[in-house]
Amino acid sequence: MGAVAVIAAIGLAIFLLRPTAPKETIVVLPSADGHIGTVVVQRGDTKQVLDKPYATSRSDDDKIEQLSANEVKQEFGPTLEALPARPSSFTVYFITGTDELTPESKADLQNILAALKDRPLPDVQVIGHTDTVGDLLVNDRLSAQRAETVKGFLVEIGIPAGRITTAGRGEREPIVRTPDETDEPRNRRVEINVR
Amino acid sequence: MRWTIAAVLLGFSTLAMAADVGEIKVAKGDAYLERGKERLPVKVGMPVQEADKVVTGANGTVGITFSDNSLLSVGPDSALAIDKYAFDSTTHAGQFDSTLSKGTLAVISGKMVKQSPDAMRVHTPSAIMGVRGTEFLVKVDR
């Protein structure tokens, strides 16, 4: 009788301590710009393709499940909150031959600076460009000067200079291809990439 | 002797190769980076390297931005290993392998996936995920 109880207890212990496979869940999200990419889930010999918003693959179910935005928030709330700010890019434009912003870009810059101010620990890349008016070497210097001028604005709002890199690409990377010596406002620009 | 020198040199070159591949941008609660035998409390601004493991406690979360603009966040009670990370900022070619052994993970893919759809893979105990330019979530319940 006692032996039976011991065997039963051992059996129960083995049952309770058996290794259980972890339960896995994979959910595809709509991206900030509305684009839906694809996640291919390979589990042993089976392959599932998730390509709709909130399409969900679970390790204990062969079918693709559809969650609601709310269910996803409940299951993954703290994880989603911990995502770093998304990288973003801005462009400002300049008056010909100078490192002075156009009036429109002066106004835009205020919005850009406001957007960057609250970003924790930003990495900023500032790249200056010119149009094809003027000498190649002069444009190299002008593009670098434009980048430095923009860096100055960023430092003024408190972004540490050490977290800002600048480069001048001269007339080598126009947005609009033009012949040499062409006045093109869209090419007289500085790109600000932040992450 | 020659082998000893070779081994020492190899050791140094391995150290030199431990380049920073990302940066901690968000850190809350109990969270650590396991690097070799070290266990470093996670702080905002701390660099992340290949072979690091992110480990969080019951109230810990971590957000990381990688050099190709991939974004990852790890939820509470989680363990995520950065198995392989390589990115060429000129060609945008690269490879990013990570393993979530428990807990939760959010992923926003970056430039290397735009360049080459097979560049990024996330592993779990039972599955491998291939990523085609998207945002997704993974959970491993133990």
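Order of the sequence lines sets the chain letters (A, B, ...), proteins ahead of strands, with each chain counted from 1. Just so it is clear, the structure is predicted and the values come from calculations on it, not from any experiment.
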Can you see which heavy atom on [X] is nearest to which on [Y], and at what distance?
| X | Y | result |
| --- | --- | --- |
| B:Phe136 | A:Val28 | CB-CA, 4.0 Å |
| B:Gly63 | A:Pro84 | C-CG, 3.7 Å |
| B:Ile24 | A:Leu121 | O-CD2, 4.3 Å |
| B:Ser73 | A:Thr79 | OG-O, 2.7 Å |
| A:Arg43 | B:Ala127 | NE-CB, 4.1 Å |
| A:Ala82 | B:Thr61 | CB-CB, 3.7 Å |

In this structure, would [X] and [Y] fall into the same cluster of hydrophobic residues linked by side-chain contacts under 4.5 Å?
| X | Y | answer |
| --- | --- | --- |
| B:Phe87 | B:Val48 | yes |
| A:Ile164 | A:Val150 | yes |
| B:Ile82 | B:Val140 | yes |
| A:Val124 | A:Ile127 | no |
| A:Val138 | A:Ile95 | no |

May I ask you to name which of [options] has the most heavy-atom pairs under 4.5 Å with chain A?
| options | result |
| --- | --- |
| B:Pro76, B:Gly103, B:Pro117, B:Ser67 | B:Ser67 |
| B:Gly45, B:Gly130, B:Gly75 | B:Gly130 |
| B:Val74, B:Ile108, B:Val131 | B:Ile108 |
| B:Val113, B:Leu105, B:Thr104 | B:Thr104 |

Main chain of [Y], side chain of [X]: is a donor-acceptor contact present, judged purely on distance under 3.5 Å?
| X | Y | result |
| --- | --- | --- |
| A:Arg195 | B:Asp68 | no |
| B:Lys102 | A:Pro22 | no |
| A:Glu24 | B:Thr124 | no |

Under 4.5 Å heavy-atom distance to chain A, tell me which part of B:Val138 shows up: side chain, backbone, both or neither.
both
Check each atom of B:Leu72 against the heavy atoms of chain A and say whether the ones under 4.5 Å are side chain, backbone, both or neither.
backbone
Tell me whether the count of non-hydrogen atoms from other residues, nucleotides or ligands lying under 6.0 Å of CG in A:Asp62 goes above 12.
no
Assess whether atom CZ of B:Arg35 is packed by more than 12 heavy atoms of other residues, nucleotides or ligands within 6.0 Å.
yes
If you round to the nearest 0.5 Å, how far is [atom2] of [Y] from [atom1] of [X]?
| X | Y | atom1 | atom2 | answer |
| --- | --- | --- | --- | --- |
| B:Asp141 | A:Glu75 | CG | CD | 8.0 Å |
| A:Asp51 | B:Arg132 | CG | CZ | 11.0 Å |
| A:Gln42 | B:Met129 | CD | CE | 11.0 Å |

Segment of [X] engaging chain B (4.5 angstrom heavy-atom cut-off):
| X | result |
| --- | --- |
| A:Thr38 | both |
| A:Arg163 | side chain |
| A:Asp123 | both |

Could you check whether any side-chain heavy atom of B:Leu137 comes within less than 4.5 Å of a side-chain heavy atom of A:Leu80, counting everything from C-beta outward?
yes
Going by heavy atoms in the side chains, are B:Leu71 and A:Pro87 under 4.5 Å from each other?
yes
